[in-house]
Amino acid sequence: MPNDQFVISKLNPSIISLPEQGMKKNDFINDFKQYYVHLLGRDEHCQTPYYAGEALSLAIRDRLMERWKATHLTYKNNDCRRSYYLSMEFLMGRTLSNAMLNLGVTDTVTQAMYDLGIEIEELISSEQDAGLGNGGLGRLAACLIDSCATLQLPVIGYGLRYEYGMFTQNIVNGEQIEKPDHWLRQGNVWEIERLEYSHSIKFGGHTELQIDENGKQRHCWIATSNILAVPFDTPIPGYQNGTVNTLRLWKAVATEEFNLEEFNAGDYAEAVAAKITAENVTMVLYPNDANENGKELRLRQQYFLASASLQDVIAHWTMMHGNDFSHFAEKRCFQLNDTHPSIAIAELMRLLMDIHGLMWDEAWTITTSTMAYTNHTLLPEALEKWPVKLMQRLLPRLMDIIFEINRHFITEASMHWPGDSERLRRMSIVEEGEEQQVRMAHLAIVGSFSVNGVARLHTELLQQGLFGDFYALWPRKFNNKTNGVTPRRWLAACNPELASLITETIGDGWVTDLMQLKKLEPYAEDAQFRHRWRAIKQAAKQRLIDHKQRKHDTKLHFNVDALFDVQVKRIHEYKRQLLNVLHVIHLYNGIKKGDIESRVPRCVLIGGKAAPGYRMAKKIIKLINNVAEIINSDPETENKLILLFLQDYRVSAMERICPGVDLSEQVSTAGKEASGTGNMKLMMNGAITIGTLDGANIEIREEVGDENFFLFGLTEEQVEARRGHYDPVAIIDQDKDLQQVMHLLESGYFNQFEPGLFDDLIGSIKSPNDPWMTIADFRSFAEAQKRVEDAYRDKDQWTKMSILNCANSGKFSTDRTIGEYNREIWKLTPQPVIHQ
Ligand code: 26Q
């Protein structure tokens, strides 16, 4: 740690204050040149747009710095209540265009670059995605903190600075090949390292009872291996409001003392090896979006995040209030993004008791009035459990505390249900069995004052099913917070043409008050408006095609009049990309049989990553590619049907895709998708949903009206009622179309040179135990797809529906979501930033 703080503390604030940075075109031109030539040492011969992008980013970053500092000062001076969003994932994507939009300089800067002969789009797309997340949960965290800044709420995001983010997906011979994503290789201009706020994190060792200077007993956790957590801060600007919040990501670094001891003992190689182990903690993001149980490194990551973040908050607290924690719970609040950081509950207890000397009851009251937990899944296999043995070895003091929390909890629960030992066994934080395990969701519920689901149905199912016992015990803890997405990135920035038309029509208030989109409704009846809306959609489709043709070097002939039918999301059995493929095969079969008159030309795009260890998901990718190969190379499908797998789906890909989508596929088995957020992005950009009554689809349909949504499939109740007597083979036998589809699949039509390749996929959907009941929904899906085509054939009708989808997407802004988190959980006061 730098020990030159003495010199810094003598710096006079007036000496380091800078003149205000200009926001005019020439100011950007001058700063750009300065950075490009003097700092980066590049000239007109530089072959890549990357450095120009970096120079511009530095100029933009400068404009964020003063606002960042002023925001920080405002929060500090007001000593306001704050909350902290703890998440193992922040899927931020690119930063430059969002920063320009939020600073309100997009047009000025575009012009400035143009004057220099630079196309700004080239600079924007030369930026690497910050892919520090898997999918929905990670992107939600990014959208939520954007809204916090826009609503001027004092919220800090805490996460991990993975050296390698989400892998890059290549498709080779139809299969997914993963390539490591070394996103920091060329540096990251958006982050500021703050060594001075590092904290030391303990692992291993053992605990001892000691007597402190006041004669009180204290638990000590000793003989540990320590790792240093070094923070890197990224500015999170609000939308044109002077607020710049902070995302603080922790990097693991070997501590000096840790190395020194071993060096002195002469064990050089061991010391270097230990350094590597230490720095491994934040080396890589786990690429599963369901639980990969029991991996020690993952537990290390989780504790590292929890401990570093809590130490940071407490260090800041004691600096202001000394060792007085009596008002801590009034002033601080933590939101846990799923159970991943939920070890924070035990860690806060440890810090309060072992470091700050509080008694159990006092510490427990503080903990249970500051922690709040968001659940993102109902799938039982995705619930986190950690072996007690592993916890005892890695985090012995925390395991002791968890046992003690559980003892208190079981006492409370048994007063509520005396003698109901079966229920207590079900509810216990520690699962008994051959191997004892800690149920992290139970720890999270017991240790929090708020437990929320992420869509109405999801929350209801949590209360009735998975967490039913807890709901019976503490009904008032439970609440719903339907997800959203930020309209800045997902409409204003990614679809500037549509955004301009909207602003021209209803003004620009919608950007921060998305319910205003409702004012577009009457324009659905205006032929001229529809014409412009349609032209914008067509142009977006054309751009999407052009990009595909450049990148995929495909010679396919696309038609912008075709229906663009898109399913982009992680590949998962419950999300049922297979149902989509069955339907595509059905369409293909129809073409082959000459049944074409009634159909509409369609371009089906499917994209998404499979967890590297998820065999079935990887097979699904292979199947999509094989089917695409056959369909696209068949001359009979020309101008009628295209199927394409979109490689390396990620945040920046979605920004390109969503303006050009007609039909949004949201076809998960009812009751399985907690919410979905891709559905919201697509709706906001005027796509119409074909979907089941699952997750937020239900609320989307409620907002837009049944007539503007293509509903199909079993309800959650029907799915559950079918279990035990589901008979997919009988369903196939009674459905001619499905028979033919299955025949094509089973005859090896799509894997002529790879016999048996898809047997397991076929077996899974034909099994009476198929949890996702794909076959059960086929008929209803195919019929809904027919209705889609009937609607699409009537261009005016379709465009009306498209406008109405956008007009009614207002609810799905994270501004609304954050408003609810704040009103019902955080209770923060907005803090307008005072600029000196
Ligand atoms: C856990 C343990 C070990 C390794 C990995 C994990 C892990 C990582 C990521 C488990 C789950 C995730 C991600 C889950 C996720 O993205 N869930 C989605 O969250 C969205 C936001 O609430 C919802 O819209 C989606 O419905 C939900 O599937």
Side-chain angles (χ1 to χ4, degrees), residues 85 87-91 131-144 159-160 162 165-166 284-303 305 335-343 373-387 390 437-441 444 452-459 461-462 480-486 568-576 608-609 611-614 651 666-682 691-692 694-700 812 814 817 821:
Y85 197 82
S87 178
M88 291 284 285
E89 307 190 5
F90 283 91
L91 190 42
L132 307 186
N134 275 282
L137 167 148
R139 183 55 229 178
L140 180 72
C143 285
L144 290 176
L160 296 181
Y162 302 106
M166 190 61 202
V284 59
L285 166 77
Y286 272 85
N288 327 297
D289 64 346
N291 195 356
E292 176 164 328
N293 257 322
K295 288 278 190 319
E296 177 174 333
L297 179 61
R298 171 76 179 184
L299 182 58
R300 283 179 182 269
Q301 291 184 336
Q302 296 185 345
Y303 179 64
L305 167 64
Q335 192 72 41
L336 307 174
N337 199 18
D338 215 303
T339 52
H340 313 157
S342 62
I343 189 72
Y373 157 54
T374 304
N375 173 285
H376 296 265
T377 186
L378 285 155
L379 304 183
E381 65 269 28
L383 293 179
E384 282 197 293
K385 288 178 192 173
W386 292 106
L390 172 60
Q437 307 228 5
V438 181
R439 297 162 167 157
M440 298 309 276
N452 76 279
V454 290
R456 194 204 303 137
L457 173 70
H458 172 230
T459 301
L461 294 175
L462 281 181
N480 176 244
K481 296 287 166 283
T482 297
N483 285 164
V485 303
T486 169
V568 282
K569 50 184 80 250
R570 288 300 289 256
I571 311 291
H572 241 290
E573 289 165 284
Y574 84 80
K575 294 179 189 280
R576 296 202 299 194
K609 292 175 183 175
Y614 189 172
V651 173
Q666 307 300 336
V667 304
S668 53
T669 311
K672 301 304 173 194
E673 187 71 270
S675 160
T677 46
N679 48 2
M680 301 169 183
K681 293 163 199 166
L682 293 171
T692 49
D694 199 14
N697 295 353
I698 296 172
E699 292 160 71
I700 286 179
F812 306 104
T814 32
T817 311
Y821 273 97

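All heavy atoms count here, side chains included; hydrogens, waters and symmetry mates do not. Counting begins at 1 with the first residue of the sequence. When a ligand or atom number is given, it counts from 1 through the structure's own listing order. The structure displayed is predicted, hence computed values, not measured ones.
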Numbering as shown, the atoms of ligand 1 that approach [X] to under 4.0 Å (heavy-atom distance):
X      : value
Val454 : 22 (O)
Gly136 : 16 (O), 19 (O), 20 (C), 21 (C)
Glu89  : 8 (C), 9 (C)
Ala674 : 26 (O)
Tyr574 : 28 (O)
His340 : 1 (C), 7 (C), 8 (C), 9 (C), 10 (C), 11 (C), 12 (C)

May I ask whether [X] places a heavy atom under 4.0 Å from ligand 1?
X      : answer
Gly695 : no
Ala382 : no
Thr377 : no

Examine the proximity of ligand 1 to [X] and report which part, side chain or backbone, both or neither, has a heavy atom under 4.0 Å away.
X      : answer
Glu384 : side chain
Asp338 : neither
Arg298 : side chain

Would you kindly say whether [X] and [Y] are connected by a side-chain donor-acceptor distance under 3.5 Å?
X      : Y      : answer
Tyr286 : Asn134 : no
Tyr614 : Glu573 : yes
Lys575 : Gln666 : no
Thr374 : Asn337 : no
Asn375 : His458 : yes
Thr482 : Asn480 : yes

For [atom], what is the closest protein heavy atom, and at what distance to 0.1 Å?
atom                    : answer
atom 11 (C) of ligand 1 : Asp289 O, 3.1 Å
atom 25 (C) of ligand 1 : Glu673 OE1, 3.3 Å
atom 22 (O) of ligand 1 : His376 ND1, 2.6 Å
atom 2 (C) of ligand 1  : Asn291 OD1, 3.0 Å

Are any of the N/O atoms in [X] less than 3.5 Å from those in ligand 1?
X      : result
Asn483 : yes
Gly676 : yes
Asn288 : no

Could you pull out the closest heavy-atom pair between [X] and [Y], with the gap in Å?
X      : Y      : result
Asn483 : Thr817 : C-OG1, 3.4 Å
Lys609 : Arg570 : O-NE, 3.0 Å
Asp289 : His572 : OD1-NE2, 3.0 Å

Among Leu144, Leu137, Leu379, Leu383, closest by heavy atom to atom 18 (C) of ligand 1 is Leu137
Please report the C-alpha distance between Glu673 and Tyr574 in whole Å, then the side-chain angles of each, then the deciding distance to 0.1 Å, and finally whether the side chain to side chain donor-acceptor pair (under 3.5 Å) criterion is met. CA-CA 8 Å; Glu673 187 71 270; Tyr574 84 80; 2.7 Å; yes
Could you state the interatomic distance from CG (Leu305) to CE (Met88), rounded to the nearest 0.5 Å? 6.5 Å
Under the side chain to side chain donor-acceptor pair (under 3.5 Å) rule, collect the residues that match up with Thr692, sequence neighbours excluded.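 Thr692: no side chain to side chain donor-acceptor pair (under 3.5 Å) contacts found.
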